[in-house]
Amino acid sequence: MSQTKQVKQLDRVIIRFAGDSGDGMQLTGDRFTQESAVFGNDLVTLPNFPAEIRAPQGTIPGVSSFQIHFADHDILTAGDRPDVLVAMNPAALKANLGDLPKGATIIVDTHDFTKRNLDKAGYSSNPLDKLGEVDDILAGFQVQPVDLTGITVEAVKEFGLSRKDAARAKNMFALGLLSWMYGRPTEPTIAFLEKKFAKVADILGANIAAFKAGWNYGETTETFVVQYEIKPATMAAGTYRNITGNLALSYGLVAAGVRSELPVFLGSYPITPASDILHELSKHKGFGVTTLQAEDEIAGIGAAIGAAFAGQLAVTTTSGPGIALKSEAIGLAVMTELPLLVVNVQRGGPSTGLPTKTEQADLLQAMYGRNGEAPVPIVAPQSPGDCFAAAVEAARIAITYRTPVFLLSDGYLANGSEPWAIPSIDALPKIDANFATEPNHSTTNAKGEPVEEFWPYLRDETTLARPWAIPGTAGLEHRIGGLEKGEGHGNISYDPANHDRMVRIRAEKVQRIADSLPPLEVDDPSGEAKVLVIGWGSTYGPIGAACRRVRRAGYNVAQAHLRHLNPFPNDLGDILKRYDKVLVPEMNLGQLSRLLRAEYLVDAIGYNHVYGLPLKAAELAEAVGALVGQAEGRDVDLGEHGTNAPADHEEAPAR
Amino acid sequence: MTTIDLGNPSLRSGTELVPSLAEGETQTGKDFSSDQEVRWCPGCGDYAVLKAVQSFLPDLGLRRENIVFVSGIGCSSRFPYYLDTYGMHSIHGRAPSIATGIATAREDLNVWVVTGDGDALSIGGNHLIHALRRNVNMTILLFNNRIYGLTKGQYSPTSETGKVTKSTPVGSIDHPFNPVSLALGAEASFVARTIDSDRKHLTAVLAAAAAHRGTSLVEIYQNCPIFNDGAFDAIKDNDTKAHAIIPLVHGEPITFGTRDEATGLGDKALVRTASGAIEVADTAAVAADAILVHDAQNPDPSTAFAISRLTDAGYLNRSPIGIFRQVDRPTYDDQARAQVADAVAKVQGSPEDRLAALINAGDTWTVG
């Protein structure tokens with residue numbers, strides 16, 4: 001019953017795939033993302049899954065989802081509210097329904113709407129039976145009930161799989177259907193399946209058949225009458241790939257090893273959401289990368305410190321609870337002034353908190369979470385792809401200044417993805433390890449004869465970095481440790497004046513990193529903004545999207561984003577003073593705003609959410625708008641660009 | 001799960017890959033003394049060990065710059081400051097983890113850990129057992145004085161039950177660890193015990209430990225004259241030590257006590273009971289072939305473990321001394337480097353080109 005389908009143009013769409021943890025929603029979302037990336041849309045993704053590997057089947061806690069926002073223009077977030085929800089069971093419907101704007105499309109797998117599953121999700125009756133009735137909880141949505149499982153099982157019959165295995169291909173049916181609806185290219189998924197299931201012909205056949213059946217279902221049945229077209233986005237020239245933050249960060253560490261010509265050594269202990277970096281780096285032994293899965297978090301950093309002393313590019317990766325355990329060792333790296341990257345993929349806290357959810361509440365831990373005056377530079381990536389460059393930058397600082405450096409990623413950056421303009425290797429900075437090779441201090445011995453010595457704490461005048469002399473270098477034998485060092489010679493010193501000097505020198509060394517930083521970029525298109533919105537880390541997307549909304553509505557606002565949290569850029573104080581109001585959106589209770597207030601005596605205003613999810617751009621835009629109103633002494637109405645929009649639309653940048 | 005046969009890399013001496021002195025070059029103990037003043041209490045057993053190590057290191061014939069000493073926190077952990085090698089005085093209990101990083105990163109280094117009973121067995125217990133399990137190529141010198149010295153006299157994880165200390169005024173209720181038993185339980189490939197004041201035995205054990213490829217654990221009974229003076233008097237006093245020390249020599253029958261001039265055997269001997277346990281018997285009462293012959297190279301550690309259990313858990317009146325176990329087992333660091341070297345040998349092209357290929361792999365698209 002083929003018919004002519006209508007094709008509608010859209011500028012962007014937000015789709016959320018939701019199902020049980022075992023339904024393969026992450027894979028489905030990931031494949032749809034790759035198809036969209038290859039098609040040329042700009043996109044941002046947001047995976048959201050439970051901490052349990054297999055939470056009780058069919059329950060709300062077991063719901064796993066993957067959201068993708070793709071567009072024909074440059075976008076910054078995974079979108080606040082999905083236009084389309086694919087719900088594989090009642091729990092997935094219930095858990096996600098509240099996020100949908102009226103008018104959204106809901107595609108449900110009717111097969112799983114059984115009494116048992118409805119009970120598990122807490123539905124007393126089947127909402128699909130009430131469509132169009134007075135108590136229809138789905139009224140106002142475009143509901144498309146499809147027996148995804150039943151059709152899938154039928155479609156893969158010829159492969160002779162068990163019913164359970166056959167039904168498992170339903171995610172590929174859903175992918176095929178959505179791929180048809182949005183005109184996605186199918187070749188990348190077919191190629192992916194051929195590789196993934198190369199050794200199991202029947203599973204491969206069933207997955208491809210289910211995928212094609214989903215596509216054909218859209219094309220041939222009357223259920224779906226509209227196909228949508230979202231043209232490729234105009235993007236800067238270059239070669240792109242879709243990439244998650246953890247993968248980009250891993251590649252950045254490999255790149256830092258190549259550019260510093262140092263072997264990379266990772267000492268790590270598995271922890272969500274950082275483990276993928278350990279997994280990825282363990283694949284790159286061909287680059288001379290050593291990975292050591294230690295007995296605990298402390299041993300992970302301990303081994304890394306050992307490798308740093310031995311002359312390698314040492315890294316330890318973890319999340320907040322692991323940082324808590326590593327704190328004493330980070331202090332040792334501060335005292336011994338050894339290069340070390342400490343990667344914290346932040347998650348919801350405190351304690352075990354929300355292992356699979358995002359948060360950026362470890363900034364003050366990174367800044368102050370050690371005994372004594374123990375300054376550590378802090379670098380934070382702002383998007384998944386940016387994790388690559390941020391890792392290289394953190395390595396540059398660590399090696400150049402002989403210091404541990406925090407790299408603060410988060411759960412959203414780690415698992416979220418975006419198109420990434422692949423850099424040319426030549427464009428990456430060269431990092432000079434600059435090992436000490438000879439004595440650096442002249443003195444005389446007891447007999448008055450001149451003697452050349454090595455002083456491990458004699459510093460470079462510009463950077464205040466100490467020499468890095470590695471074992472095996474004759475004549476430079478020396479001892480370092482956690483006890484206070486005498487200035488220059490580095491022997492143990494309990495002298496009060498020396499301690500005061502050394503504490504100040506360590507602080508000054510970190511402060512001098514600011515001299516190597518570029519000026520902070522401020523996005524203030526009109527130059528007339530009175531309000532500056534400043535953030536750090538993964539809030540870059542929502543803040544940027546919120547500022548675009550405010551500008552579209554006809555108001556002025558400036559945006560700046562900090563990559564360096566310690567030290568701050570030298571021009572930050574002047575920039576803050578240029579604006580009447582400073583808003584600091586963060587996924588914590590005001591950690592950056594506290595630092596800005598303390599450092600610059602600026603009345604930084606916090607915008608703080610800790611839902612374990614990225615900030616929502618429309619809501620943030622309202623907060624920015626309200627502040628613009630205060631600053632300019634007028635009423636601000638964002639209209640359709642705020643939360644009361646007819647469509648929840650992320651704007652292209654104003655030109 | 002898939003498992004991969006890792007082969008069995010040929011076992012080498014502990015120092016085989018470390019650069020040695022050139023022909024004609026010599027070193028003395030003085031070359032290994034740093035310019036730092038030694039600051040242990042007068043009479044501390046640590047002095048004797050330092051002296052023994054300083055005079056032993058030249059015998060290794062290794063380049064001084066390729067020797068690294070790592071320590072944790074405690075009196076004994078000041079050790080690296082007094083040796084003119086590379087060294088790190090790290091944080092409490094973590095020295096084995098840091099040394100693991102050093103030893104894994106560099107095959108050309110001779111790595112030593114200096115630790116104490118509190119450092120290694122209390123706060124650092126986890127790192128110790130995992131270092132032993134992995135068999136990283138390094139030598140751990142565990143100075144056991146059965147007390148916390150640097151924090152001024154609290155009981156340690158090797159202190160005897162009932163011990164009255166500052167933190168246990170009515171006696172310790174903690175059951176003590178036997179470091180040798182613990183190491184054997186962690187499947188250590190080299191486990192020995194020696195005494196600070198027996199320079200000759202100490203040096204011989206150090207030589208064997210350094211020559212062993214893998215983690216060597218050497219427990220050194222060390223007297224703390226301030227907070228636990230006399231803890232080892234029974235094994236040090238000339239009148240009692242023959243009866244207190246059970247000497248372990250590979251290939252020799254294990255006997256102790258009053259020596260018979262003719263047979264060379266002590267009047268006490270270790271024998272295996274019907275149940276398989278090891279016990280002390282009168283030498284005269286057992287057949288000569290019933291006396292246990294020490295086999296440090298026995299792949300099965302259970303006899304070594306049984307011998308270790310003959311150590312007094314309370315005040316030390318009896319203790320086996322010597323090398324309990326010395327077996328060959330692949331080391332973690334050799335295998336880690338072999339995996340990296342195998343991977344490196346398979347790649348072609350400059351690192352920059354390979355990096356470009358890596359980040360350009362997968363589904364890419366080009367704009368403009």
Side-chain angles (χ1 to χ4, degrees), chain A residues 34 37-38 40 188 235-242 251 254-255 258 263 265 267 284-290 292 294-296 298-299 302-312 314 328-329 331-332 336 388 422-425 471-483 491-492, chain B residues 19 34 36 63-71 73 80-81 83-92 94-106 108-109 126-127 129-130 336-337 339-340 342-344 346-347 351-356 358-368:
Chain A
Q34 290 298 344
V38 169
M235 296 167 86
T239 300
Y240 289 80
R241 65 179 284 174
N242 187 53
Y251 285 175
V254 173
V258 170
F265 184 102
H284 299 297
K285 294 177 170 58
F287 284 94
V289 176
T290 300
L292 186 150
E295 59 271 25
D296 59 26
I298 299 170
I305 289 173
F309 184 62
Q312 300 198 340
E328 187 190 16
L332 177 67
T336 53
F388 179 88
I422 303 169
S424 86
I425 307 304
T473 316
L476 308 192
E477 295 84 0
H478 65 281
R479 276 67 54 195
I480 57 176
L483 285 168
N491 292 320
I492 299 171
Chain B
S34 78
Q36 296 298 293
R63 301 205 65 85
R64 195 161 51 98
E65 63 269 23
N66 290 82
I67 298 175
V68 183
F69 275 77
V70 184
S71 64
I73 294 293
Y81 288 118
L83 287 172
D84 199 6
T85 65
Y86 282 88
M88 192 190 301
H89 174 219
S90 72
I91 43 178
H92 207 9
R94 317 305 172 196
S97 71
I98 290 166
T100 294
I102 296 171
T104 305
R106 298 272 301 271
D108 62 332
L109 301 179
N126 199 31
H127 308 307
I129 58 173
H130 287 279
R337 286 187 297 265
Q339 287 188 339
V340 171
D342 286 352
V344 168
K346 284 180 190 144
V347 299
E352 280 79 8
D353 289 347
R354 286 187 286 122
L355 176 60
L358 174 70
I359 63 178
N360 281 281
D363 295 333
T364 64
W365 68 100
T366 301
V367 175

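Because the structure is predicted, anything quoted here is derived from the model rather than measured. Throughout, a chain's letter reflects where its sequence line sits, starting with A, and its residues are numbered from 1.
- Both the backbone and the side chain of A:A37 come within less than 4.5 Å of a heavy atom in chain B.
- In terms of heavy-atom pairs under 4.5 Å with chain B, the best-connected choice from A:Q34, A:E295, A:K285 is A:E295.
- Here the closest non-hydrogen pair linking B:S97 and A:A299 is CB-CA, 3.7 Å.
- Residues B:S90 and A:L332 approach most closely at CB-CD2, 3.8 Å, considering heavy atoms.
- For the pair B:R337 (side chain) and A:T290 (backbone), a donor-acceptor distance under 3.5 Å is absent.
- Residue contact with chain A, scored on non-hydrogen atoms closer than 4.5 Å, involves the backbone and the side chain of B:R64 alike.
- Most heavy-atom pairs under 4.5 Å with chain A: of the set B:Q36, B:H127, B:H92, this distinction falls to B:H127.
- The distance from atom CE of A:M235 to atom CH2 of B:W365, rounded to the nearest 0.5 Å, is 6.0 Å.
- Closest approach of A:E477 to B:E65, counting heavy atoms only: OE2-CB, 3.2 Å.
- The contact between B:T85 and chain A is made entirely by backbone atoms, counting heavy-atom distances below 4.5 Å.
- Comparing B:S34, B:A356, B:G101 by how many heavy-atom pairs each has under 4.5 Å with chain A, the most go to B:G101.
- Side chains of B:D363 and A:N242: a donor-acceptor N/O pair is absent below 3.5 angstrom, by distance only.
- Contacts of A:I480 with chain B are made by both backbone and side-chain atoms, with heavy-atom separations under 4.5 Å.
- Heavy atoms closer than 4.5 Å to chain B are found nowhere in A:P263, neither backbone nor side chain.
- Heavy-atom pairs under 4.5 Å with chain B were tallied for A:G482, A:G331, A:G267, A:A307; the largest tally goes to A:A307.
- With a 4.5 angstrom heavy-atom cutoff, A:A329 touches chain B via backbone and side-chain atoms both.
- Using a cut-off of 4.0 Å between Lys/Arg side-chain N and Asp/Glu carboxylate O, B:D84 and A:R479 are scored as salt-bridged.
- Among B:I359, B:N66, B:L83, the residue with the largest count of heavy-atom pairs under 4.5 Å with chain A is B:I359.
- When every heavy atom of B:L109 is checked against every heavy atom of A:G472, the shortest pair comes out as CD2-N, 4.3 Å.
- Counting all heavy atoms, side chain and backbone alike, B:L355 lies closest to A:Y251 at CD1-O, 4.5 Å.
- Annotation: side chain of B:L358 is in contact with side chain of A:H284 (closest heavy-atom distance under 4.5 Å).
- When A:G306, A:G302, A:P471 are compared by the number of non-hydrogen pairs under 4.5 Å with chain B, A:P471 comes out ahead.
- Proximity to chain A is absent for every atom of B:A99, based on heavy atoms less than 4.5 angstrom apart.
- Chosen from A:T336, A:V254, A:I298, A:I305, the residue pairing most often with chain B at heavy-atom distances under 4.5 Å is A:I298.
- The greatest number of non-hydrogen atom pairs below 4.5 Å with chain A, out of B:D342, B:N126, B:V70, is found for B:N126.
- Heavy atoms closer than 4.5 Å to chain A are found in both the backbone and the side chain of B:V340.
- Between the CZ atom in B:R106 and the CZ atom in A:F265 there is a gap of 13.0 Å [rounded to 0.5 Å].
- The distance from atom CZ of B:R94 to atom CD of A:E328, rounded to the nearest 0.5 Å, is 6.5 Å.
- To the nearest 0.5 Å, atoms CD (B:E352) and CD1 (A:I425) are separated by 7.5 Å.
- Heavy-atom pairs under 4.5 Å with chain A were tallied for B:T104, B:D353, B:I91, B:T100; the largest tally goes to B:I91.
- At least one donor-acceptor pair closer than 3.5 Å links the side chain of B:Y86 to the backbone N or O of A:T473.
- A:T239 pairs in a side chain to side chain donor-acceptor pair (under 3.5 Å) with only one of the listed residues (B:T366, B:N360, B:T364), which is B:T366.
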